[in-house]
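Below is one structure, written out as structure tokens, with a few remarks after it.
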Amino acid sequence: MAQRNTILVAGSANLDFVVRAQHIPAPGETVLGNGFVTFPGGKGANQAVACARAGGAQTRMLLALGSDAFAEPLEKSLLDAGVDARIVRIVTEATGVAFICLSKDGENAITVAPGANACLRADHLPELADVSHLLLQLETPLEAVAAWAHSANAAGVCVVLNAAPARTLSPELLADVDVLIVNEGELATITGQSGRVVDAVAELGNTNVVVTLGARGSCAYVDGEWLLQPAYEIEVLDTTGAGDTFCGTFVAARARSSGFAEALRRASAASALACGRLGAQSSVPSAGEVDEMLRNGRESSSPEELRRYCGLA
Ligand code: RIB
């Protein structure tokens with residue numbers, strides 16, 4: 001039997017078109033930007049790069065690209081990071097793109113045109129024999145995501161779903177997920193509860209869930225116990241891809257047999273570092289940089305503050 005030492009990420013890849021502006025335009029408003037740049041992005045590819053940079057396990061990715069010029073920088077970024085890319089080439093669709101407006105305080109608004117990403121199907125899933133963890137997001141068709149999760153669960157693979165962008169999920173899909181990673185908005189969409197984190201998580205029953213809380217940090221409800229991880233301090237330049245960095249780093253740590261608390265700490269440090277740099281994949285730190293942040297970085301709040309915020313105290 002093959003050794004299970006590989007993380008498989010199945011998901012999207014987009015070329016990000018980024019314009020920086022004073023603020024994100026309101027509906028009907030036009031703002032003048034200052035600078036335009038493209039970066040390799042897409043939640044799936046960002047998470048694959050984060051897994052690979054975190055080290056410790058082989059990273060493979062299932063993705064779909066068009067046969068156009070936008071595909072090239074996406075393939076190169078995955079290759080440079082050491083990701084084994086399994087590319088489905090869709091000649092009738094354009095490579096996925098994302099239009100990102102980045103405000104001066106690092107917040108963003110993103111519109112995605114999925115293109116080739118929307119053509120991924122259940123039967124594109126590669127062999128799972130050497131796969132320990134399957135990491136999924138929701139920028140590819142929901143039917144495919146559900147089928148991949150089901151196959152992986154049946155094959156004894158640990159299924160991690162980052163339910164982004166926010167969509168409602170069927171109980172069948174949730175039943176196939178070992179760890180759900182969401183932000184507060186996604187948690188509210190899935191559970192219908194927009195109040196305290198503790199109440200929304202209770203709606204998910206026994207599901208292991210990690211909730212990212214932006215600049216506050218993150219928390220997790222695992223095997224009936226709460227874990228609280230404050231964020232690390234950083235001067236924020238661009239939050240794009242910070243959540244993806246969190247997910248990839250978290251799964252890579254779990255694949256190296258780190259406990260949940262240690263995986264949360266590494267993910268928290270990595271995502272802070274990503275917020276201090278421009279772009280999505282370009283902002284993912286190396287394992288060495290994460291080590292350094294863990295040694296010398298400062299947490300921005302205390303577990304007690306997080307406990308109160310989540311409604312646990
Ligand atoms: O999570 C950030 C990503 O969302 C961007 O890279 C963009 O491509 C969209 O998928």
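Order of appearance sets the numbers: ligands from 1, and atoms from 1 within every ligand. Positions are given from 1, in the same order as the sequence printed here. In this text the structure is predicted, and so the values were computed from the model without any measurement.
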message: My understanding is that only residues two or more places apart in sequence, or in another chain, count here; which of them pass side-chain contact (heavy atoms from CB on, under 4.5 Å) with Tyr221?
response: Val201, Val209, Trp226

Quick check on contacts: which atoms of ligand 1 are under 4.0 angstrom from a heavy atom of [X]?
{"X": "Gly41", "value": "6 (O), 8 (O)"}
{"X": "Ala280", "value": "6 (O)"}
{"X": "Ala98", "value": "7 (C), 8 (O)"}

Closest protein heavy atom (residue, atom, distance) for [atom]:
{"atom": "atom 2 (C) of ligand 1", "result": "Asp244 OD2, 3.3 Å"}
{"atom": "atom 4 (O) of ligand 1", "result": "Lys43 NZ, 3.2 Å"}
{"atom": "atom 9 (C) of ligand 1", "result": "Glu139 OE2, 3.4 Å"}
{"atom": "atom 3 (C) of ligand 1", "result": "Asn46 ND2, 3.7 Å"}

message: Looking only at distances, can you tell me whether any N or O atom of Asp16, backbone or side chain, sits closer than 3.5 Å to an N or O atom of ligand 1?
response: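 Right, the criterion is met.
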
Contact (N/O only, under 3.5 Å) between Gly42 and ligand 1: yes

message: Other residues, nucleotides and ligands only: do more than 12 of their heavy atoms fall within 6.0 Å of CZ on Arg298?
response: no

task: Using non-hydrogen atoms of the residue, decide whether Ser12 is closer than 4.0 angstrom to ligand 1.
output: no

query: Is Leu134 reachable from Leu142 through a run of hydrophobic residues whose side-chain heavy atoms are each under 4.5 Å from the next?
result: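 Per the 4.5 Å side-chain linkage, Leu142 and Leu134 are co-clustered.
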
message: Do Leu213 and Val179 sit in one hydrophobic cluster, given that two such residues count as connected whenever their side-chain heavy atoms are within less than 4.5 Å of each other, even indirectly?
response: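 No, Leu213 does not connect to Val179 through the hydrophobic network.
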
- request: May I have the step-by-step check of side chain to side chain contact (heavy atoms under 4.5 Å, CB included) for Val157 and Arg4, ending in yes or no?
  value: CA-CA 9 Å; Val157 172; Arg4 290 190 185 268; 3.3 Å; yes

- request: Indicate whether any N or O donor in one side chain lies under 3.5 Å from an N or O acceptor in the other, for Glu203 and Thr191.
  value: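 Side chains of Glu203 and Thr191: no pair found under 3.5 Å.
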
- prompt: Which atom pair, heavy atoms only, marks the closest approach of Leu294 to Arg265?
  reply: CD2-O, 3.7 Å

